[in-house]
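Fair warning: this is a prediction, and the values are worked out from it, not measured in the lab. Basis for what follows: all heavy atoms, side chains included, without hydrogens, waters or symmetry-related copies. Residue numbers run from 1 in the order of the sequence given.
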Amino acid sequence: MKKMRCPFMIMTAIIAFSACSSEETVENIENADGVIAFTAIPESSEATTRAVISSENNKQINWETGDRISIFDGKNNKEFTLKKGGGTSTATFVGTAEQADTYVAVYPYTAEAVLANGAVTNITLPAIQTATPGSFDKNAALMMGATQSTTLSFKNAVGYVKVTPKFNCSRIELKAPVGTTLSGKATLSYNNGEPTMAFTADQSSVITLLPAERGSIIAADNSYYIAVPAVTLGEGWTITFVNSNDTKAYTRLSSKQLALARNKVVNLGMFEEEQSYWYRVMPSNGSVKASQQVDLGVFAVNGTRCRLVFAKSNLTTTGLAANESDFGDFFAWGALEPWYTSLTTTPTSITV
């Protein structure tokens with residue numbers, strides 16, 4: 001998907017790709033048995049709700065080399081790849097499929113997706129999304145289309161939350177109140193051109209933006225877009241920015257609801273470190289980084305107000321484990337050394 005480079009973002013679901021001189025022509029490819037060429041076009045423009053992407057003169061999201069879509073012919077999920085139209089908002093995707101009265105399409109291509117009763121299952125809106133300056137993670141930019149011809153009009157299945165940090169960050173985290181799902185496996189329904197999403201498994205109330213590469217940063221003074229489902233966040237939702245060296249986590253708490261809608265961008269504005277609007281600033285504690293802590297709130301203990309902070313990952317001899325899914329060490333109460341003489345681990349078990 002072509003990265004956004006303008007101050008606003010287009011909510012259409014079409015993406016662009018660069019064409020290569022070495023590509024076969026679509027006309028030649030179509031001579032093969034079972035090969036079909038679909039023309040993918042953007043959702044009709046709505047200037048008041050759309051915006052940005054390639055340049056000041058092109059307010060479109062363009063297809064880019066490498067984009068793939070799933071085409072469902074009623075029996076199979078077939079992979080179609082772009083063959084023509086790179087760098088434009090209208091592209092041709094080519095693949096093999098059986099003849100069908102209606103074709104259903106999903107972006108991006110998802111090998112495990114299944115079409116059943118007009119809806120597509122096993123689609124994932126990821127809880128971890130890649131922070132892309134001026135744009136969004138294309139793997140999270142879910143789109144859907146349906147056609148009885150070979151012309152596909154994609155519709156966005158997600159909306160976007162826009163944030164602009166004024167300081168370098170290592171991660172940005174949007175968190176919904178308990179009981180509200182923001183990410184996970186889902187079923188997409190076309191719904192006459194107004195796609196809907198129903199979560200089915202691996203549900204999470206958090207979406208985290210991370211840099212494209214470990215050790216890099218989410219650079220200041222850029223806008224970033226978080227792909228979100230159409231849902232209303234109740235009061236108490238938060239947005240957290242962890243600084244680049246992971247020594248402080250800045251959290252802003254909202255006392256108002258936030259309506260997220262398909263094909264719309266909600267701009268939360270700019271965020272600076274030295275401001276009074278932060279609900280909480282969580283510092284690192286010794287070797288425990290700011291991002292490795294979870295604040296469970298303030299409690300009264302014998303008349304004294306205390307804040308309860310838990311670690312997000314297990315304890316090891318060198319500090320906290322790097323990932324929340326990593327094993328820790330066994331310690332007896334008050335012991336300074338692990339309680340074992342040998343240790344064998346696998347991805348699913350541990351033997352002492």
Specify the closest pair of heavy atoms between [X] and [Y], including all atoms of both residues, with the distance to one decimal.
X	Y	answer
Y250	E273	OH-OE2, 2.7 Å
L253	G236	CD1-O, 3.4 Å
M197	A186	CG-CB, 3.5 Å
L82	F93	N-CD2, 3.3 Å
A219	Y224	O-OH, 2.8 Å
Y160	A141	OH-CB, 3.2 Å

Can you measure from [atom1] ([X]) to [atom2] ([Y]) and round to the nearest 0.5 angstrom?
X	Y	atom1	atom2	result
L209	T132	CG	OG1	8.5 Å
N117	L115	CG	CG	8.5 Å
Y279	I239	OH	CD1	15.5 Å
E173	I226	CD	CD1	9.5 Å
T121	L188	OG1	CG	9.5 Å
L268	S223	CG	OG	11.0 Å

After noting the C-alpha distance and the side-chain angles of E194 and R262, does the key distance pass the salt bridge (Lys or Arg N to Asp or Glu O under 4.0 Å) rule?
-> CA-CA 8 Å; E194 293 287 336; R262 182 196 79 81; 3.0 Å; yes
Which of parallel (below 30°), tilted (30 to 60°) and perpendicular (above 60°) describes Y225 and F136?
-> perpendicular
Does N243 use its side chain to pair, donor to acceptor, with the backbone of T247 at less than 3.5 Å?
-> yes
Distance-only, no hydrogens or angles: does the Y190 side chain make a donor-acceptor pair with backbone N or O of T196 under 3.5 Å?
-> no
Would you please indicate if the ring centroids of Y107 and F154 are separated by under 6.0 Å?
-> no
Is there a continuous path of hydrophobic side-chain contacts, each under 4.5 Å between heavy atoms, that joins [X] to [Y]?
X	Y	value
W237	V266	yes
V265	L125	yes
I218	V281	yes
M282	F167	no
V228	V178	no

Going through the distances and angles, do F38 and Y103 end up as a ring pair (Phe, Tyr, Trp, His ring centres under 6.0 Å)?
-> CA-CA 10 Å; F38 284 93; Y103 295 97; 5.1 Å; yes
CD (Q203) with more than 12 external heavy atoms under 6.0 Å = yes
Side chain to side chain, [X] and [Y], heavy atoms closer than 4.5 Å:
X	Y	answer
M144	V104	yes
M270	K166	yes
E112	K185	yes
I36	V94	no
L142	V106	no
Y109	F80	no
I172	V163	yes

Does a side chain donor of either [X] or [Y] reach within less than 3.5 Å of an acceptor in the other side chain?
X	Y	answer
T240	T238	no
T304	N302	no
T110	S70	no

Could you tell me whether [X] and [Y] have a side-chain N and a carboxylate O separated by less than 4.0 Å?
X	Y	value
E79	R68	yes
D73	K78	no
E98	K75	yes

List the steps, then state whether side-chain contact (heavy atoms from CB on, under 4.5 Å) holds for L210 with I128.
-> CA-CA 7 Å; L210 293 178; I128 304 296; 3.7 Å; yes
Validate the cation-pi geometry between R171 and F241: distance from NZ or CZ to the six-membered ring centre under 6.0 Å, angle to the ring axis within 45°.
-> no
